[in-house]
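Notes for the one structure printed next.
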Amino acid sequence: MNFSTLMNKYEPRMKQIILILVAGYLFFAQFSTQAKYIKLLPVPVPAVLTLGVGSLLFLYYVLNRKRLTQTSEFDKYLKRFLILFLISLALAILSAFYTATVLNSVEYMNYLKSSMITRLAYYLSFFMFVYFGYRLLANEPKDNESIIKVYPLSISLLVAVAFWQLAYFMFNIPFLNLNTRSFVHSVEGVTLFDFRITSFTNEPSYMGPFLIDLIILAFLFVKRKWVYAVVVLIPTLFILAFTFSVSAYFNLVLVIGFLMVYLMFHPRFPKKILWMIPLVGIIGIAGLYLVNPDLLAKFFSPIWGRRDNLFDPTQSSRIYMYVMPFQWLFDHSIVSGLFGYGPGAYEFLAGTKIVPHTQMSLAISANNMFIDVLFEQGVIGLLLLLTGLISIAVFLLKNGMKNMYYFIALVEYFHLMVTSLYRADYVTPRFWAVLLVIAVLVKIGEMKHKDKQNVME
């Protein structure tokens with residue numbers, strides 16, 4: 001029996017197994033925000049899953065590339081983004097070796113020998129997962145929508161556990177021992193609630209992006225909108241409110257703002273609805289204020305109580321880590337500033353810099369994709385990344401009004417860019433899982449649009 005015969009015999013089973021693994025990867029993406037899950041194995045579990053699934057997808061593509069001929073118009077934009085990212089990484093690696101010759105730092109050499117290699121392995125795994133996963137799903141019109149539905153469905157578990165945690169705080173019902181950052185911190189005065197909902201994520205700002213993912217994607221997949229409102233929208237917004245996460249609130253407001261501006265230019269969308277959204281919000285807030293003037297202030301005190309230091313780099317560790325890399329970028333050489341200190345080099349900062357007002361080391365990430373990339377891949381690397389991201393954004397903006405699949409892909413992409421401002425998602429499964437979902441939504445949207453045109457003709 002020759003190789004071709006063997007492939008014909010076992011290819012369907014192999015494909016089915018890989019599709020199940022891709023669905024499983026989408027399901028477990030949310031767990032990569034929980035430390036106990038990450039540390040289940042000696043090697044981080046998300047790394048094992050990403051490398052395993054990515055490698056299998058690559059292998060399947062190599063063995064069946066003649067069959068995987070279907071792509072979409074999104075293919076060249078995804079390729080462009082990945083190629084530009086790869087070029088920026090290659091330049092950053094060369095720059096890192098040069099920087100090592102001028103820096104003469106033990107900490108930097110330790111970074112080169114460990115963290116840089118780890119980060120490159122992550123990137124390679126993520127690239128294989130998203131591109132070859134897309135190439136496989138683009139050729140599975142019967143299964144691709146079912147596969148990507150797993151992602152928003154899985155987040156319903158996050159919401160269910162969040163309600164369980166709320167019951168624990170309110171009624172002392174036993175809860176999981178997860179050691180999350182559910183306590184209120186950096187607040188002056190008395191708060192109405194002395195907790196923040198985290199579900200099984202490490203902290204509230206980790207959970208916020210997933211909740212908004214659910215709100216956006218479920219709108220497409222839940223056909224009856226009253227069911228969507230009652231089962232998805234209201235419970236998810238309720239939990240989001242109890243995260244008391246400034247980042248998550250900011251994220252939601254930006255997504256709503258983007259929707260309102262974009263839909264103003266939609267020829268068929270009723271403009272009255274756009275005015276109703278802020279009106280309902282204002283009426284709701286005004287009603288709460290009239291019923292109990294102190295209630296609103298007390299409820300949001302975990303946020304309002306932090307207003308004095310929220311955006312002050314001398315008082316906020318997060319803002320300090322956003323601002324200072326701009327100052328440190330050209331500390332050692334113009335080459336390092338232009339091309340970066342190397343993939344994962346923010347960890348070098350964590351070993352050599354401290355936050356003045358806390359006297360603690362920096363975190364291993366600024367929790368901002370663009371700041372991380374600026375320091376790690378330099379000004380040129382950031383420009384290359386932005387070129388790739390903006391090209392995807394322009395494509396989605398041009399096609400967003402064709403049908404609901406394109407539209408949801410656009411909104412989800414905008415949301416992904418917003419979360420990249422306050423989370424280092426680009427080195428976690430969520431970023432690449434969402435990018436895969438967006439790519440598949442575009443493929444489905446393209447097919448629906450062509451079918452509609454064929455019917456009209």
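For this chain, numbers begin at 1 and follow the sequence in order. No experiment lies behind these values; they were computed from the predicted model shown.
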Next on the checklist: If only side-chain N and O atoms count, and only distance matters, is there a donor-acceptor pair under 3.5 Å linking Arg430 with Thr419?
Outcome noted: yes
Checklist entry - What class does the angle between the rings of Phe238 and Phe242 fall in, given that below 30° is parallel, 30 to 60° is tilted and above 60° is perpendicular? => result tilted
Checklist entry - Would you say the ring centroid of Tyr61 lies under 6.0 angstrom from that of Phe58? => result no
Item to check | Non-hydrogen atoms of Phe370 and Met417 that approach each other most closely | outcome: CE1-O, 4.2 Å
Next on the checklist: Within this structure, what is the OG-CD1 distance for the pair Ser88 and Ile380, rounded to the nearest 0.5 Å?
Outcome noted: 10.5 Å
Checklist entry - Quick one: are the ring centres of Phe132 and Tyr60 less than 6.0 Å apart? => result no
Checklist entry - Side chains of Asp213 and Tyr151: do they bring a donor and an acceptor to under 3.5 Å? => result yes
Checklist entry - Using a distance-only test with no angle check, is there a side-chain donor-acceptor pair under 3.5 angstrom linking Asn202 and Thr33? => result no
Checklist entry - For the atom pair CD1 (Ile392) and CG (Leu397), what is the distance rounded to the nearest 0.5 Å? => result 12.0 Å
Item to check | Arg196 vs Thr243, side-chain contact (heavy atoms from CB on, under 4.5 Å): CA-CA, chis, key distance, verdict | outcome: CA-CA 5 Å; Arg196 304 182 300 166; Thr243 63; 5.8 Å; no
Next on the checklist: Ring centroids only, cut at 6.0 angstrom: are Phe85 and Tyr123 within range, meaning strictly under it?
Outcome noted: yes
Next on the checklist: Nearest 0.5 angstrom please: Leu49 CG to Tyr25 OH, how far?
Outcome noted: 7.5 Å
Item to check | Side-chain heavy atoms of Leu252 within contact of Leu237, under 4.5 Å | outcome: yes
Checklist outcome for this item: CZ (Phe348) and CG (Asn110) are apart, to the nearest 0.5 Å, by 10.5 Å
Next on the checklist: On a heavy-atom basis, which atom in Val150 and which in Ala23 lie closest, and how many Å separate them?
Outcome noted: CG1-O, 3.3 Å
Next on the checklist: When you compare the side chain of Phe339 with that of Gln377, does any pair of heavy atoms fall below 4.5 Å?
Outcome noted: no
Next on the checklist: Checking Glu376 against Arg119 for the salt bridge (charged side-chain N to carboxylate O under 4.0 Å, His left out) test, could you report, in this order, the C-alpha distance in whole Å, the side-chain angles of both residues, the deciding distance, and whether it holds?
Outcome noted: CA-CA 11 Å; Glu376 296 176 2; Arg119 179 61 63 85; 3.1 Å; yes
Item to check | Single hit among Glu145, Glu446, Lys443 for side-chain hydrogen bond (donor to acceptor under 3.5 Å, both in side chains) with Tyr405 | outcome: Glu145
Checklist entry - Which atom pair, heavy atoms only, marks the closest approach of Ala248 to Gly208? => result CB-CA, 3.9 Å
Item to check | Donor on one side chain, acceptor on other, Tyr322 and Asn367, under 3.5 Å | outcome: no
Checklist entry - Does one side chain, of Thr198 or Gln165, offer a donor that lies under 3.5 Å from an acceptor on the other? => result yes
Item to check | From CA spacing to verdict: side-chain contact (heavy atoms from CB on, under 4.5 Å), Leu263, Phe407 | outcome: CA-CA 10 Å; Leu263 290 173; Phe407 177 69; 3.9 Å; yes
Checklist entry - Taking it one step at a time, do Tyr108 and Leu112 satisfy side-chain contact (heavy atoms from CB on, under 4.5 Å)? => result CA-CA 6 Å; Tyr108 192 74; Leu112 287 179; 3.9 Å; yes
Next on the checklist: For Phe74, run the ring-ring contact (aromatic ring centres under 6.0 Å, His included) check against Tyr131, Phe395, Phe81 and tell me which one passes.
Outcome noted: Phe395
Next on the checklist: Can you confirm whether Pro152 sits close enough to Phe221 that some side-chain heavy atom of one is under 4.5 Å from a side-chain heavy atom of the other?
Outcome noted: yes
Next on the checklist: I want to check something: taking the side chain as every heavy atom from C-beta on, are Leu254 and Phe258 in contact at a cut-off of under 4.5 Å?
Outcome noted: no
Next on the checklist: Checking Tyr111 against Ser105 for the side-chain hydrogen bond (donor to acceptor under 3.5 Å, both in side chains) test, could you report, in this order, the C-alpha distance in whole Å, the side-chain angles of both residues, the deciding distance, and whether it holds?
Outcome noted: CA-CA 10 Å; Tyr111 147 71; Ser105 165; over 6 Å; no
Checklist entry - Around Phe97, counting heavy atoms of other residues, nucleotides and ligands shown, do more than 12 lie under 6.0 Å from its CZ? => result no
Next on the checklist: For Phe175 together with Trp164, are the ring centres under 6.0 Å from each other?
Outcome noted: yes
Checklist entry - Does the ring centre of Trp432 sit less than 6.0 Å away from the ring centre of Phe127? => result yes
Checklist entry - Can you check whether Tyr98 reaches Ser333 side chain to side chain, under 4.5 Å on heavy atoms? => result yes
Checklist entry - Can you name the closest pair of heavy atoms from Ile155 and Leu214 and give their distance? => result CG2-CB, 3.9 Å
Next on the checklist: Just checking Tyr37 against Phe31, ring centres under 6.0 Å apart?
Outcome noted: yes
Checklist entry - Can you check side-chain hydrogen bond (donor to acceptor under 3.5 Å, both in side chains) on Ser336 and Ser95, steps first, answer last? => result CA-CA 6 Å; Ser336 306; Ser95 176; 4.5 Å; no
Checklist entry - With a 4.5 Å limit on heavy-atom distance, are the side chains of Tyr206 and Arg423 in contact? => result yes
Checklist entry - Which pair of heavy atoms, one from Leu26 and one from Ile147, lies closest together, and at what distance? => result CD1-O, 3.5 Å
Checklist entry - Do Ser245 and Ser205 have a side chain donor and acceptor closer than 3.5 Å? => result no
Item to check | Gap between atom CG of Asn368 and atom OH of Tyr422 - 0.5 Å precision | outcome: 11.5 Å
Checklist entry - Mind checking whether Phe219 and Leu233 have side chains closer than 4.5 Å, heavy atoms only? => result no
Checklist entry - Between Asn399 and Lys402, does any side-chain donor sit less than 3.5 Å from a side-chain acceptor? => result yes
Item to check | Atom of Tyr122, atom of Ala47 and distance for their closest heavy-atom approach | outcome: OH-CB, 3.4 Å
Next on the checklist: Using the rule given for side-chain contact (heavy atoms from CB on, under 4.5 Å), can you reason through Glu412 versus Val437, listing the C-alpha separation, both sets of side-chain angles and the distance that settles it, and then say yes or no?
Outcome noted: CA-CA 9 Å; Glu412 183 66 9; Val437 168; 5.6 Å; no
Next on the checklist: Is any side-chain heavy atom of Val442 closer than 4.5 Å to one of Leu396?
Outcome noted: yes
